[in-house]
Every structure is written in structure tokens, then in C-alpha cells.
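Single-structure report; data block below.
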2 protein chains.
Amino acid sequence: MKEGPDIAQIGALIGDPARANMLSALMGGRALTATELAGAAGITLQTASSHLSKLEAGGLVGQRKQGRHRYFALLDDEVGLLLEGLMGFAASRGFLRARPGPKDPALRKARVCYNHLAGDFGVRMLDRMVADGHVAIDGDEASLTKSGEERMRQLGIDMDALHDQRRPVCRTCLDWSERRSHLAGSLGEALLSRFIDRGWARRSNESRAIHFTRAGERAFCDLFPLPEPLPAPLSHGE
Amino acid sequence: MKEGPDIAQIGALIGDPARANMLSALMGGRALTATELAGAAGITLQTASSHLSKLEAGGLVGQRKQGRHRYFALLDDEVGLLLEGLMGFAASRGFLRARPGPKDPALRKARVCYNHLAGDFGVRMLDRMVADGHVAIDGDEASLTKSGEERMRQLGIDMDALHDQRRPVCRTCLDWSERRSHLAGSLGEALLSRFIDRGWARRSNESRAIHFTRAGERAFCDLFPLPEPLPAPLSHGE
DNA sequence: TTCATACTTCGACGATAATCGAAGCATCGC
DNA sequence: GCGATGCTTCGATTATCGTCGAAGTATGAA
């Protein structure tokens, strides 16, 4: 037998639909209870408990007990990165699950991808930053420019703190609904936090969707106007 | 049910040990026949055929027919990237398969990780380049410096061609045997090719190992000396 | 043309793992 | 203390899927 990492174990953990659903739910970035995860996966609580135990043993999730509640979350950034990659890959191969009925516009418009903004708004934000010369894209690589650094500081982003972190400030993450990149990395996370702290947007309680307030959406669109005027108004999307 | 990428399908494809073994074998960067892959996975040819059909349908491998031989390879760079990430992740979670008996020194010393040099030599190379100021590491990000650019050109690397490519010139890839990064990206690939073209090293026919000739090893070690003198001579390792 | 080799397809078998009802334990609120 | 709620554990069931022997097709070499 071959020496090396046992990718089959990781694959098998993710390869069960119920477990995949739970991991996807946790990509919303919030800790969820076992009951909530069972609901997200459409299975009973006892089955969810069994699955979560496996995910925990495999180092994909961790739990925190609060009284009778068990809050599960992705164990660390590495898991988030791995799942991001898997999502982008699955989408690139055409493995997409379509909900019967109309597509979920809320998820497509704005949602959390582990810790940063994804969806139409996420892609729009990166596109704007690139068009303004704040972010430079070289192939799959993204880097913040000097002017971008300045701009982010104006927006109240603590750039010193971001530079102190081990991970990249800017990273591209393939958006499964838009099929283009949105901004990940420490800056991506900081920006989403900023929008939420400012009250522009809030997290949905039921899904990974990010709901912008009317004022917040206006502010966001002012900050990141579309690179080109489109005949269809963006705000038409409820 | 949730809308979004179906990561369970990808997970399940990789989650079977036989399929995982074949994918790992293909990380050696060479196209292999169905018979070779069956041998690598320790299964019969008919089982391998069935598995390869699934991997192909899933967009992970592609095949090229040459007479009666079917050569299978990873479908594209995206697959390589995904598997690299999975390998690093599996190793980080402790999912390692140990061969009964002594560890495989050849794989640990130098092997192919999809298209670039990995193992002790791979890590050593990156460390040297960092110590010489040719590659700058910022968290997980790697970039070639001006002096590094110059140095690579001196080594005969066509840097213009590398810059024309879509992917990063330098990328870190977590080495599962050394638990540190080796150099991936277009430069990582170009360097491995260079060593092989110069006759310093050759690919093993049986595994992902890279065998350096005596002269090639000397040249490699001259080019990338250890950052610090160690009491144990590196060349002691057969 | 014949034989050997590489590979695909079919179908039966059996091992595995997800599933859930039932039961039990821990915590919370009245 | 009691009932409700959140969660874990146990055990039986069953669907799924990997496996391989057998048979067939395609290619190469003598």
C-alpha cells in the first residue's frame, strides 16, 4: 500500500450527502446546534448526532457546549479553505443542485462563503476594486495596491491588523453562483464584518444569505458601483 | 434541499480507497494505463475500469487512447490543485497511511507533487530561495523578488513564458512528508522540468519518486545549499 | 490468421454504513 | 421536583456500492 495522506478518509467524510449539507450550512460562518444541522440536512437528530461525531473525529468540525446546546462550527480556517475549493471545483464540473422551483435569489445576491461576502454583491465588490485599481489581479492572484490600501483605511479597515495575520490579505475565491471570483482573504472577511457592524447588512437566521437593508444596499452600491451601466436596474432584485 | 455545489459527489468520488489510490498515483504527473492504475490501487483491472469510468464522468480524469493502451491522467490543473489541498489537509488532520516497514525514503527525499518537486528536496529548494531573498513569503503567499527573477533567468528559466500564464508564478504547497511548504506554481513546475532536462534527475517508473543522479544531486545541493549546516550529512540518505 | 494483451461490460455477491425508533442522560424553566 | 427540550447511544434494517469471475471487443505482434 502507498505511503502518503489518506485523502479517501476526507473524501468519504464529505461524500455523504447529509454530512455535506451540514458542512455547507456551516459555511455560513455561524455555529449551529445539532438540531439546526439536522434540520439543514433533512435527517433526524440522532442521525445528525452520529454524523457530527464523525466530522468531529475527522477534524472538520468542533463543538462548544452551552448548557444543553451543542454548537458546532467548522474547526478552523483550513476546513473553510478546503470546502471553498471543493465548492468551486464541484461547480466547475457541473455538480450543482438546483432547487425545484425558482432559484434562490437571496443566496445568489449576497451570502456568506465561510467568512467573506459571496454572490452577486461579492463579485461586484471585487470587480469594482479591480476597476478602481485598488486590487490587482494576476491570473488567480489578487493583491492590494497602494491606493487600495489607502482606500481601505478610509473605510475604517484596520490594515495593520490584517497585515499581521498569517493568511493573505486578498485572495480570490471562485463564486459558484456567479462563476467568477469574489474577494476572500483577511480583507474579504474584514469588509463583510464592516458592513454588518455598520448595520448595512445582517446575517439571515435560516441560511447563509446576507440581507442588506435598503439604506445599506444603497451605501454598498454607492461604494461599489457597477463598472458598467446595465439596462436592468440591480435594485430590482428583491 | 439546498441550492449550491454538490460537494458530496466530489467527496464520494475521492472517498473510495481504490479511487483515491489511483488519483494519488496520477499526482505523479504522468499518464498511466488502466492496468498500471489497477496495480497501483491493488484491484483487478475490471474494477479499475469501472472506477476510472466514474472518475472520468466526474471530470477528475481524462483519457487518451494509444492503440490498445488507455492512458489516464488528471483532467486539468484544477484537479491537481484540489488534490494537493486535500493531501495537505488530510496530513494536517493526521490521516496518514504508514507503510508497514520502513518509511519510503525515496518519496520523502524527492517526489512529484502533480507537476512540481516535493519532499525534502522540494522544501529545501524553497527554503534556500527564501533565505537568499529570491522568494518572499508573506503568510501563505509566496512571490518572486526582483533578484529571484534575475536568478531564475540565469538558471535558464523562461520567465516571460511563466508570466504569460494565468496561474501564479510562485505558490506554496504544503508538503505532507515535511509538514512545511515546497514551491508550486508555474515556477515550481519549470524548475522540476529543468532538473530533468539537465539530466540531474529522472522520474521513477514505479512511483512518484524523483531520482537524482549523483552529479545531479551535487549540482542541486550546490544550487540550493542548506540554510544551516547540519551535523548529519544530507547525502547520507541513499 | 492466430494468439496475446489491454480493456470494457455484465451480473451476482456480500460488506458497509446511513437511517431511525427506542431508550437514556443532561440541562433548562416553571 | 417535574415536564420539556437538546442531545447521545444502542440495535436492527436495508439500500448501496465495490468487487471479481466470466465473457466480449479492440489492438498489436508474430
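These numbers come from the heavy atoms of this one structure, side chains and all, not from hydrogens, waters or symmetry mates. Labels below follow one simple rule: chain letters A, B, ... track the order of the sequence lines, proteins then strands, and each chain is numbered from 1.
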Touch class at under 4.0 angstrom, heavy-atom based, for A:Thr33 against every strand present: sugar-phosphate
Are the side chains of B:Leu60 and B:Leu26 in touch, meaning some heavy atoms are under 4.5 Å apart? no
Can you find a pair of side-chain heavy atoms, one from B:Met27 and one from A:Ile7, that are under 4.5 Å apart? no
Is there a side-chain contact between A:Leu32 and A:Tyr71, using heavy atoms and a 4.5 Å cut-off? no
Atom-to-atom span, CG of A:Leu55 to C1' of D:dC7 - whole angstrom: 16 Å
With the threshold set at 4.0 Å, does a side-chain nitrogen-carboxylate oxygen contact exist between B:Arg167 and B:Glu189? yes
Verify side-chain hydrogen bond (donor to acceptor under 3.5 Å, both in side chains) between A:Glu141 and A:Thr172, making sure each step is shown before the conclusion. CA-CA 7 Å; A:Glu141 270 198 51; A:Thr172 56; over 6 Å; no
Find which nucleotide of DNA chain C each of B:Ala48 and A:His51 is nearest to by heavy atoms, and output the residue with the more 5' nucleotide. B:Ala48
Calculate the interatomic distance between B:Asn21 atom CG and D:dT19 atom P; express it in whole Å. 10 Å
Phosphate-side-chain proximity, B:Thr35 and C:dC7, N/O vs OP1/OP2 below 4.0 Å: yes
Can you tell me if A:Thr47 touches the phosphate of C:dA18, counting only side-chain N or O atoms and a distance under 4.0 Å to OP1 or OP2? no
Nearest whole angstrom, please: distance from the P of C:dC7 to the CD of B:Gln46. 13 Å
To the nearest Å, how far apart are A:Leu45 CG and D:dC10 P? 16 Å
Contact between A:Leu117 and A:Leu183 at the side-chain level, heavy atoms closer than 4.5 Å - yes or no? no
Between C1' on D:dC17 and NZ on B:Lys54, what's the gap in Å once rounded to a whole number? 6 Å
Is A:Ser49 near enough to D:dT8 that one of its side-chain N or O atoms lies under 4.0 angstrom from OP1 or OP2? yes
Taken to the nearest whole Å, CD1/B:Ile14 to C1'/D:dG18 is 17 Å
Separation of B:Leu37 atom CG from C:dC7 atom C1', in whole Å? 12 Å
Establish, yes or no, whether the cationic atom of B:Arg194 lies under 6.0 Å from the six-membered ring centre of B:Trp200 and within 45° of the ring axis. no
Give me the residues of residues 63-71 of chain B where at least one heavy atom lies under 4.0 Å from an atom of DNA chain D, by number, or none. B:Lys65, B:Gly67, B:Arg68
Length of the line joining B:Asp16:CG and D:dT16:C1', which is rounded to integer Å: 13 Å
